[in-house]
Amino acid sequence: MTWLVALPVALPLVGAGFALALARYRRLQGIVSVTTLSLVLAVAVVLLVEVGNGPIVLDVGNWAAPVGIALVADRLAALMLVISVTVTLAVLVYSLAQGLADGDRGAPLAIYHPTFLVLSAGVSNAFLAGDLFNLYVGFEILLAASFVLITLSGTRERVRSGTIYVVVSLVSSMVFLTALALIYAATGTVNLAQLAVRLPELGQGTQLVLQLMLLVAFAIKAAIFPLSAWLPDSYPTAPAPVTAVFAGLLTKVGVYAIIRTQVLLFPDGRLDTLLMWLALATMLVGILGAVAQEDIKRLLSFTLVSHIGYMIWGIATASVAGLSAAIFYVAHHITVQTSLFLVAGLIERRGGTTSLVRLGSLARVAPLLAVLFFIPAMNLAGIPPMTGFLGKTGLIEAAAQEGTAMSWALIAGGLITSLLTLYAITKTWNMAFWQEAPEPLPETTTPRAMVGSAGALVVFSLVLMVLAGPLYAYTDRAAADLRARTPYISAVLPEGGRGTGQSSNIAQQGDRGPVAAPTEAPTEAATGGAR
């Protein structure tokens, strides 16, 4: 079954090649794209089931890790794959429906489908990367594809915002690449499993510098305050499907990288206090920015920044329960935030704008659209019994178990953020849906396929709510594996400290001897992950 691990990366790249070859046949491009992502989703579901028996590792080219490239699917990576491919497929169907409704005037450019599939491949590669350099490659694939998508149609506003996005992303990539070079110079490897063993051999000061550099690189990509100012100016200018997939996925890849590196490579939690302060500031500053907005897309962009803080809060909590709640919240937020941006695209289409001062009466003229906005909006605000409420409850319980002053400050900040989110969403509802429009709305309709794809994603968020018990049990096991670290290390570097591939010209034990599992792992697993 190890060959399945390569398919979430390989299939979209192959599909992108076919889509590019069919540039003159837009409908065939759409069929290729939908078929490709449907196959990737099926593979992701299979992996989600199979990783229950332990991480699945593929030594690419049959070169044994840590010499060769390893793709690793564990519980965290498999869950992220399923959620990400699901929302990507829904956004793709939405964009196809939009192109069909608009005809030649609004059809996506010929490069749209190949680029969209390359973006999907980059996301999958980042989730499955078993070494830091491959993770860097995944980020660069994302950067190249996202720059094309964010500047589609080439308007001045989109080029300007796309330029900001690319400059910021390049700065992040340079910091990451520098950290990667320093890590390789200090340890002689970039394999994550081997780094988990070799990094503790370094001096405390060297470890701290490397940890901070990785955190800064990923914090920019995840839009953590004070490195988040670029996001509200970049995302709202893109077309609705592009904004939706960016909001749902790209920042979460940064969050995923923080989880993977901070927990696996630096388990001593030296930066947990810093992460807690960053989480608190991100929640509060982001939601205060959202409250001040009068445009739906900008308001949602600020809530996106704000709710990244909840995920960082869980990562910083020194327990399995906190990390599990963070993973659960990531899955919830990918689905809900993507849904809201898709619905915002429908609002713009029906009302002619996303400016709250110019909208109104949508509940009367488009009741289904009102329902599609109301459900994920309440979920984002954390209204029980939705997944937003369950994720926040898990974070509060984990923080309360710690009982430190900073934990209680995070609980207070989380509750204030949730209340202000409810206020911002209520303001949006009143101005866009309930009050009378200052001017008559355009006489347009929203295509059924666009409404259907957005509605399907809203329904998927409700399915996650119904399955919250099994999902939370799954994230608990994923968090326990992450905190223990042994399952990941042993899967990538089994007996003798090498992967299962064949690379006979490399010394069997490597230049530093066999890699042993960390001695503290059994203690962490036995004590619930507390350090």
Sequence neighbours excluded and cut-off under 3.5 Å, please list the side-chain donor-acceptor pairs for residues 222-229, or say none.
none

Pair up each side-chain donor or acceptor in residues 244-254 with any protein partner under 3.5 Å, not counting sequence neighbours, and list the distances.
| residue | atom | partner | partner atom | Å |
| --- | --- | --- | --- | --- |
| Lys252 | NZ | Ala247 | O | 3.0 |
| Lys252 | NZ | Gly248 | O | 3.4 |
| Lys252 | NZ | His333 | ND1 | 3.2 |

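For Glu436, the side chain to side chain contact (heavy atoms under 4.5 Å, CB included) partners two or more places apart in sequence, or in a different chain, are Ser361, Arg364. Residues passing the side chain to side chain contact (heavy atoms under 4.5 Å, CB included) test with Thr178, sequence neighbours excluded: Leu182, Met213. Evaluation of the side-chain hydrogen bond (donor to acceptor under 3.5 Å, both in side chains) rule for Ser418 yields Lys392 as partners, not counting sequence neighbours. Take Arg75 and apply the side-chain hydrogen bond (donor to acceptor under 3.5 Å, both in side chains) test, not counting sequence neighbours, and it matches Asp481. Residues satisfying the side chain to side chain contact (heavy atoms under 4.5 Å, CB included) test with Asn134, not counting sequence neighbours, are Ile69, Leu71, Asn125, Ala129, Asp131, Val137. For Ser407, the side-chain hydrogen bond (donor to acceptor under 3.5 Å, both in side chains) partners are Glu402, Thr404, not counting sequence neighbours. In this structure Tyr310 satisfies the side-chain hydrogen bond (donor to acceptor under 3.5 Å, both in side chains) test with no other residue, sequence neighbours excluded. Not counting sequence neighbours, Tyr423 has no partner by the ring-ring contact (aromatic ring centres under 6.0 Å, His included) test.
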| message | Using the rule given for side chain to side chain contact (heavy atoms under 4.5 Å, CB included), can you reason through Phe176 versus Leu135, listing the C-alpha separation, both sets of side-chain angles and the distance that settles it, and then say yes or no? | response | CA-CA 10 Å; Phe176 185 14; Leu135 180 61; 4.0 Å; yes
| request: Start with the C-alpha gap between Ser95 and Tyr112, add the side-chain angles, then the distance that decides, and say whether side-chain hydrogen bond (donor to acceptor under 3.5 Å, both in side chains) holds. | output: CA-CA 10 Å; Ser95 63; Tyr112 174 78; 3.1 Å; yes
| query | Where do Ile83 and Phe460 land on the side chain to side chain contact (heavy atoms under 4.5 Å, CB included) test, with the steps shown first? | reply | CA-CA 10 Å; Ile83 300 296; Phe460 181 69; 3.9 Å; yes
| task | With side chain to side chain contact (heavy atoms under 4.5 Å, CB included) as the test, would you mind laying out the steps for Leu369 and Val343 before giving the verdict? | result | CA-CA 7 Å; Leu369 189 58; Val343 175; 3.9 Å; yes
| query | Given the rule in the side chain to side chain contact (heavy atoms under 4.5 Å, CB included) test, do His113 and Arg26 qualify, once you have shown the distances and angles that lead to the verdict? | reply | CA-CA 9 Å; His113 289 283; Arg26 302 291 175 81; 5.9 Å; no
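Taken to the nearest 0.5 Å, the CG atom of Leu415 stands 9.0 Å off from the CE atom of Met283. With rounding to the nearest 0.5 Å, the separation of CG in Leu214 from CD1 in Ile258 is 10.0 Å. Summarising the geometry, atom CG belonging to Leu41 is positioned 12.0 Å from atom CG belonging to Leu11; distances are rounded to the nearest 0.5 Å. With values rounded to the nearest 0.5 angstrom, Leu76 atom CG is found 5.0 Å from Tyr256 atom OH. Of the inter-residue distances, the one linking Ile150 atom CD1 with Thr243 atom OG1 reads 7.5 Å to the nearest 0.5 angstrom. Distance check, rounded to the nearest 0.5 Å: OG of Ser124 to CG of Leu128 gives 6.5 Å.
Within the structure, the ring pair (Phe, Tyr, Trp, His ring centres under 6.0 Å) test picks out no pair touching residues 334-358 (sequence neighbours left out). Sorted by first and then second residue, the pairs that involve residues 279-306 and meet side chain to side chain donor-acceptor pair (under 3.5 Å), not counting sequence neighbours, are Asp233-Arg298, Gln293-Arg298, Asp295-Thr354, Lys297-Glu348.
Listed for the Ser324 side chain is no donor-acceptor partner under 3.5 Å among the backbone atoms of Val320. Under a 3.5 Å cut-off, the side chain of Trp434 and the backbone N or O of Leu362 do not form any donor-acceptor pair. Between the side chain of Thr335 and the backbone N or O of Ala331 there is at least one donor-acceptor pair closer than 3.5 Å. Side chain of Thr35 to backbone of Val32: no donor-acceptor contact under 3.5 angstrom is found. Under the 3.5 Å distance criterion, the side-chain polar atoms of Gln98 are left unmatched by any main-chain donor or acceptor of Gly345. The backbone N or O of Leu81 sits less than 3.5 Å from a side-chain atom of Ser84, completing a donor-acceptor pair.
Across Leu356 and Gln435, no two heavy atoms sit closer than the pair O-NE2, 4.1 Å. The shortest heavy-atom contact between Tyr94 and Leu346 is OH-N, 3.4 Å. Counting all heavy atoms, side chain and backbone alike, Met386 lies closest to Met465 at CA-SD, 3.7 Å. The minimum heavy-atom distance linking Ile334 with Thr338 is given by the pair O-OG1, 2.6 Å. The shortest heavy-atom contact between Ala23 and Gln29 is CA-NE2, 3.5 Å. Pairing each heavy atom of Gly391 with each of Ala325, the nearest pair is O-CB, 4.1 Å.
Counting non-hydrogen atoms of neighbouring residues, nucleotides and ligands closer than 6.0 angstrom, the CZ atom of Arg270 exceeds 12 such neighbours. Summarising the local packing, CH2 of Trp230 is surrounded by more than 12 heavy atoms from other residues, nucleotides or ligands at distances under 6.0 Å.
Within the 4.5 Å cutoff, the side chain of Tyr136 has heavy atoms near those of the Leu177 side chain. Between Thr317 and Leu395 there is no side-chain heavy-atom pair separated by less than 4.5 Å. No side-chain heavy atom of Leu142 sits less than 4.5 Å from a side-chain heavy atom of Val118. By the 4.5 Å heavy-atom criterion applied to side chains, Ile308 and Ile312 are counted as neighbours. Put simply, the side chain of Leu359 does not reach to within 4.5 Å of the side chain of Met431, judged on heavy atoms. Looking at Val336 and Val458, their side chains never come closer than 4.5 Å, going by heavy atoms from C-beta outward. Annotation: side chain of Val82 is not in contact with side chain of Leu47 (no heavy-atom distance under 4.5 Å). Looking only at side-chain heavy atoms (C-beta outward), Leu117 and Ser33 come within less than 4.5 Å of each other.
With 3.5 Å as the limit, one finds a donor-acceptor pair spanning the side chains of Thr421 and His307.
Only one option out of Leu300, Asn379, Leu342 pairs with Gln337 in a side-chain contact (heavy atoms from CB on, under 4.5 Å); it is Leu300.
Taking the six-membered ring for Trp and the full ring otherwise, Tyr329 and His332 have centroids separated by under 6.0 Å. For Phe147 and Tyr165, the gap between ring centers reaches or exceeds 6.0 Å.
Note: Phe328 and Tyr472 have parallel aromatic rings, judged against thresholds of 30 and 60 degrees for the angle between ring planes.
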